[in-house]
Amino acid sequence: MIVHVALPLPLQKTFSYYVPFIWEPFAKPLARVKVPFGNRMLTGFVVGVTEGGDEGLKEIADILDIFPLIGEATFQLCAWACQYYLAPIGLALKYALPSRFKVEKYLSVRAKAEQTRHLDGLTLKAAYTFAGKQTVWEYYRAEMVELYDSFTGSSFAPLEESGITPGYQARLYVANVERRKEEYLRVISETLEQGKNVLFLLPDSHTVGDYFCRFVTQSLGKRVVWYTSSQPKRQMETFFRARAGEGYLILGNKSAVLLPVGQLGLIVVERPEEDEYRNEEAFHFNAVRLAIKSAEMQGMPILLGSVSPPLDLVNLAQQGAVSLTREELFSQTKLSELRVESGKRGHQLPAELVSCIDQAVQENETIAIYTPRRDYASHLYCLECKKPFLCPDCETPLTYHREGDKLACPSCRKSLAYDETCAQCGGSLIQFSATGAEYVEEQLSAALQEPRVLRVTGESIRKKDAHSFLQVAQTPGTIVIGTQILSRLYDLRVKRLILMGQEEFLRVAGYRAHERVFQIFRNLIDALRPEEVLVVADKTSLIGAAQLANEEGFYEEELAKRRQAEFPPYVRLFLIEVEKKTRASGQRVVAEIVERLQAEGLGSRMMGPMLQKRGGLRWRIVLRGDESSVPPVLSWMYGLSGVRMEPDPPSI
DNA sequence: AGCACGCCGACT
DNA sequence: GTCGGCGTGCTC
């Protein structure tokens, strides 16, 4: 017997191996097998079985699963994801099981016959060492033993899926966090009462995740389980409960979307616009896209909640593919804006702003200031030789950190001392721009009398716990200065919120800049629930108080622009990156790609190639596909050495 | 992806 | 003469 195996490598092809007679009954599609590959051992998934003898093939080294652990629905979803994201099936299937996966440790044997009495109660692992793996598996096949997992105690068997039910319905709920919580809890409870499981996707585990976990646990208690790779044992428990149990609420982030779940009845997604749903390593996917497809394929409802949904979802709503409910976000919020002179970035905080903050501090208010960057300044520029400060190793622009008076390279993490002179010409007229939280803190310290400032960044939250921050932040008279992380702290409430630095997004976020600013600002208001919001903007800024308040109008306008420019969600973008050490080898591959694209009639849908010097040499080509399908040429490109393909890149 | 192999230019 | 970087091809 021969099995065809999909390996977790960026290769589209499968590899065939011979299966010795004794293992034949277990070599079924989707079982995991250990195989020799070159000079290493890899674990892959059986994707096909054919009759035949050892025709010079290598033998499989081991079979890991007594029966396949992945059900049909999960497999179909992986298969769909692979064609949509141009990934090999072996990589996708790997994501469907817990990262550090040890079944034998958590499964135990229950004897069902006199001859197997001696194995009763042993873990599967112990039973293997005692009686041999082959013997135990034969007992299982002869129904002389059964298996149960140590968490639920219930019998371990192939996954029973609900099959396709006619209940697909995608619903986008645009409302503030209090209303979303009510709505989530209502639909979740309804589904759990029917004895079905619910999958609840959250963008992270430590802020938004933790908040919703505490909320749902209040009313659902032990029905709530977490699926997270940072706690392997807990992840294993959830894995078993998801397949055996009934009526569990499974919380998880992006990788939970591929978890095999029995009797899944509903999917909920909190804040589908968050970037954390994008998987960047090995196999690129967006968990929200997969969640919608999963609900559609299995015929179940999906509820997506946010105050600032991603544009593609709003587009689907306009087409009638998703139903949309909107609620007012600003009934208790006063919005205003402060227009400042443009072109003077990074010199001084506007005087009006300083006096506004000063007044708030005098009145003992809680106040939060948002700025997109955490450091002091992200760009340094020598006014004498007119050159930016670049990393001597990799030529990436250096950032400046006040703490320690250091220059740092964001790309290679090199750290350099800063001596207030230009490394190129020795000049001392240095301009700082793209300033961040450290800078704002310094400016306020200079302008106000002993201000109480708390700087909050993603990193500082990860080091301490969020709760200890909140205690300080809640103290009246405190000025909280923070980056995007502030939009995740639902437990922090402020009287006044100041939104600065949106110009920075025009530089880094490309075509999504306005969408991102809109989402971050609205999510900050959603999380912090301020009574007053002040948008600091210059003449180039697109998001003012009016845009923030008029959500429907903003989306309409932004979608019109995207349609006009032929950008997502009306087309799909594919970023093709060629990385080589020498110019000649790179140009050869790039020329081959360009030629092939032109031959396929895609020349006019191609942008680039553009050459970038970052360490080695990097060429980038962007291809516009149509809304849903993937141009077939791309699968040819996949697997060329030094060529990377990124579907739906966040910026280009 | 990871690895072996073969090609070149550089250097004690 | 040989060491090391780089490109190419292969893995059942």
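In what follows, chains carry the letters A, B, and so on, assigned in the order in which the sequence lines appear, proteins first and then strands, with residues in each chain numbered from 1. Values in this document were obtained by computation on a predicted structure and should not be read as measured data.
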* Pi-cation contact, A:Phe574 with A:Arg605 (under 6.0 Å, within 45°) -> no
Do any side-chain atoms of residues 225-234 of chain A form donor-acceptor pairs under 3.5 angstrom with protein atoms, and if so which ones, sequence neighbours left out?
unit_1, atom_1, unit_2, atom_2, d
A:Thr228, OG1, A:Ser230, N, 3.2
A:Thr228, OG1, A:Ser230, OG, 2.9
A:Gln231, OE1, A:Arg234, NH1, 3.4

Output a table of nitrogen or oxygen pairs between the protein and nucleotides 6-10 of chain C separated by less than 3.5 Å.
unit_1, atom_1, unit_2, atom_2, d
C:dG7, OP1, A:Thr582, N, 3.0
C:dG7, OP1, A:Thr582, OG1, 2.7
C:dG7, OP1, A:Ser585, OG, 2.9
C:dT8, OP1, A:Arg588, NH2, 2.7

* Structure fact -> The salt bridge (Lys or Arg N to Asp or Glu O under 4.0 Å) partners of A:Lys94 (sequence neighbours excluded) come to none
* What residues form a side chain to side chain donor-acceptor pair (under 3.5 Å) with A:Thr399, not counting sequence neighbours? -> A:His401
* Scan for side chain to side chain donor-acceptor pair (under 3.5 Å) pairs involving residues 582-594 of chain A, sequence neighbours excluded, and state none if there are none. => A:Thr582-A:Ser585
* Asked: Residues in ring-ring contact (aromatic ring centres under 6.0 Å, His included) with A:Tyr139, at least two apart?
  -> none
* Partner set under side chain to side chain donor-acceptor pair (under 3.5 Å) for A:Glu51, not counting sequence neighbours -> none
* Name all residues meeting the side chain to side chain contact (heavy atoms under 4.5 Å, CB included) criterion together with A:Ala295; count only those two or more places apart in sequence or in a different chain, and write none if there are none. => A:Tyr168, A:Ile267, A:Met300, A:Ile302
* Just grab all the side chain to side chain donor-acceptor pair (under 3.5 Å) pairs involving residues 15-37 of chain A, residues at least two apart or on different chains. => A:His4-A:Ser16, A:Arg32-A:Asp65
* Mind checking side chain to side chain donor-acceptor pair (under 3.5 Å) for A:Thr457 and listing every partner two or more places apart, or none if nothing turns up? => A:Ser460
* Scan residues 18-35 of chain A against DNA chain C and write down, sorted by residue number, each residue with any heavy atom closer than 4.0 Å; if none is found, say none. => none
Using the 3.5 Å cut-off, write out each protein N or O paired with an N or O of nucleotides 1-11 of chain B and the distance between them.
unit_1, atom_1, unit_2, atom_2, d
B:dA1, N3, A:Arg40, NH2, 3.0

